[in-house]
Amino acid sequence: MARKRELAAIRAAKARKRRRRRRRLRAVILMFETIILLSLMAVAFVMAKYDKFQRVDIDKDNIEVNEGIELTGYTTVALFGGDSREGQLEEGTHADTIIIVAIDNETKEIRMASIYRDTLLRQMDDTYKKANNAYFVGGPGEAISMLNKNLDLDIEDYATVDFKAMADVVDLMGGIEIEVTDAEADMLNDYVGETAKAAKKKANKLDGAGTYLMDGPQAVTYARLRKLEGGDYKRTERQRTVIMKLFEKVKTTDIATLNEIIDTVFPQVSTSFTLKKIIGMSSALMKYKLAESEGFPFEKTDGVTYPEAGDVVVAQGLAENVRELHEFLYPHKATEQVSDTVQMISDEIMNLTGVVRPAELDEDAGEGGDGQEDGLQEEDGYEDADVMEDDGYEDDSYTEDEYTEDE
């Protein structure tokens, strides 16, 4: 009798173990089913919103990349800010913001470098003009090829937004917090009305220096301020500040707000990203982190007048600046020599402009200094803020005649 009770207890224990195993297995299966369902929902969501982009198929066979350039392990993207009030984002648009974004595919670290729009660079027709000329005459495809050619990059994709889209994003996210000086506040107040009118929004002014939760027109106007100490160099810093603030906020934004942003802003974005790439990048959104940002060229001479281009920024040794750019954007890659193409362009710019790289820059770098002698930092006491033509905020770009008079 005791033996029977013992066997019954053993069978009951085994039955309980089997039930626990089945429950655990069902829980694991349910978890995987939930993950798969959520993933499918996320993909379906992205697919549903994808058609809202102004999608542009760039012929990758026509995008130029210098021989020997392989930036494996990184994704390099060009961001353009168009100065269009009618939503026109292709050729004929002044790309007054040019930012190179390098994403480390393993660490998800993002680095940004603004290309000063007035930088003298070789165009795809082999003439030398300002950096933003390429987008105006040939749209994003020509601009990407120009950047690849002059900077030894391997950009294949881009995104372009105009300032109305940026204003909409800021407003939908509840504003972004930015600190301003008295001079910035005064100039912002002078021009925020124009931005608000173009974006069909209300203009709100600031009370002076301080930290503000800026609305869309305020943030966009702040990013476009140019006629202050530091000129275009300081403006590109403001642009990167706005982008970083937006990036920080989007990672904590609820899904309903993100959905509204997509519905409102995506129609104002032109991009070459495929659906597959967007899904891949959006799935890792929470892993991305912003690192440093810089302006290019690092060492430069401004106020140089060049035929058919006006006042330009000239790199003090394009080749040396390109090497520094790669060290900054791709810190985990071994620093290599520039391509023969970049060295040729560097030599031609020196011969055409007479701007020679000071020997002490490389001597300082060799002794452990940063070699950045002409960076126009705030502490430089830079007085001539209008290093470019004093064209005013209302037309903060170039006229079509300036681009086409030599064609």
Side-chain angles (χ1 to χ4, degrees), residues 54 56-66 69 76-84 88-102 112-162 232 235-236 239 270-272 295-297 300 304 306-315 318 321-322 325 329 338-339 341-342 344-346 348-349 352-353 388-389 396-407:
Q54 295 181 35
V56 176
D57 282 315
I58 291 180
D59 187 352
K60 300 297 176 68
D61 293 334
N62 289 330
I63 297 295
E64 292 199 19
V65 179
N66 293 336
I69 300 304
T76 307
V77 178
L79 297 182
F80 300 107
D83 185 16
S84 169
Q88 168 64 24
L89 300 176
E90 304 309 314
E91 62 185 68
T93 299
H94 298 107
D96 286 334
T97 301
I98 305 172
I99 298 178
I100 306 301
V101 179
M112 296 187 296
S114 300
I115 310 302
Y116 301 129
R117 69 177 194 174
D118 289 343
T119 304
L120 187 68
L121 294 174
R122 188 182 180 96
Q123 306 296 303
M124 300 314 295
D125 62 358
D126 296 331
T127 62
Y128 283 87
K129 292 182 179 176
K130 296 177 180 180
N132 68 347
N133 173 76
Y135 199 107
F136 184 85
V137 300
E142 184 151 338
I144 290 170
S145 287
M146 184 276 297
L147 292 169
N148 285 344
K149 181 177 182 178
N150 284 268
L151 307 178
D152 272 348
L153 298 174
D154 185 11
I155 303 167
E156 291 189 352
D157 286 301
Y158 82 96
T160 302
V161 299
D162 62 18
D232 199 43
R235 178 170 73 163
T236 60
Q239 292 167 353
S270 170
T271 185
S272 62
F296 179 92
K300 55 203 170 290
V304 176
Y306 187 79
E308 300 176 353
D311 285 349
V312 294
V313 174
V314 181
L318 180 68
N321 273 275
V322 167
L325 179 66
L329 290 176
V338 298
S339 66
T341 299
V342 167
M344 177 272 292
I345 295 172
S346 182
E348 283 195 352
I349 289 175
L352 290 170
T353 64
M388 323 307 169
E389 51 271 0
D396 195 23
S397 54
Y398 306 102
T399 64
E400 187 168 346
D401 291 341
E402 183 178 343
Y403 279 107
T404 58
E405 64 185 4
D406 61 321
E407 294 177 2

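Atom set for the values below is all heavy atoms of this structure, side chains included, hydrogens, waters and symmetry mates excluded.
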Roughly how far apart are [X] [atom1] and [Y] [atom2], rounded to 0.5 Å?
X      : Y      : atom1 : atom2 : answer
Arg235 : Thr97  : CZ    : OG1   : 6.5 Å
Leu153 : Glu64  : CG    : CD    : 13.5 Å
Arg122 : Leu318 : CZ    : CG    : 11.5 Å
Glu156 : Asn148 : CD    : CG    : 8.5 Å
Lys130 : Gln123 : NZ    : CD    : 11.5 Å
Met146 : Ile115 : CE    : CD1   : 8.5 Å

What I'd like to find out is whether the side chain of [X] reaches to under 4.5 Å of the side chain of [Y], using heavy atoms alone.
X      : Y      : answer
Ser270 : Phe80  : no
Thr76  : Ile100 : yes
Thr271 : Thr160 : no
Pro297 : Val313 : yes

Do Tyr128 and Glu308 get their side chains close enough for a donor-acceptor pair, meaning under 3.5 Å? no

Would you mind telling me which of [options] makes a side-chain contact (heavy atoms from CB on, under 4.5 Å) with [X]?
X      : options                      : value
Ser272 : Ile63, Val77, Asp157, Ile144 : Asp157
Phe296 : Leu151, Ile99, Ile98         : Leu151
Tyr306 : Ile349, Asp311, Leu120       : Leu120

If we ignore hydrogens and angles and just use 3.5 Å, is the side chain of [X] paired with the main-chain N or O of [Y] as donor and acceptor?
X      : Y      : answer
Ser145 : Glu142 : no
Asn133 : Lys129 : no
Asn150 : Leu121 : no

The side chain to side chain contact (heavy atoms under 4.5 Å, CB included) partners of Thr341 (sequence neighbours excluded) come to Asn66, Lys149, Ser339, Ile345

Where Tyr116 and Ala131 come nearest, the two heavy atoms and their spacing: O-CB, 3.9 Å

Least distance between heavy atoms, Arg117 atom then Asp96 atom: NH1-OD1, 2.9 Å

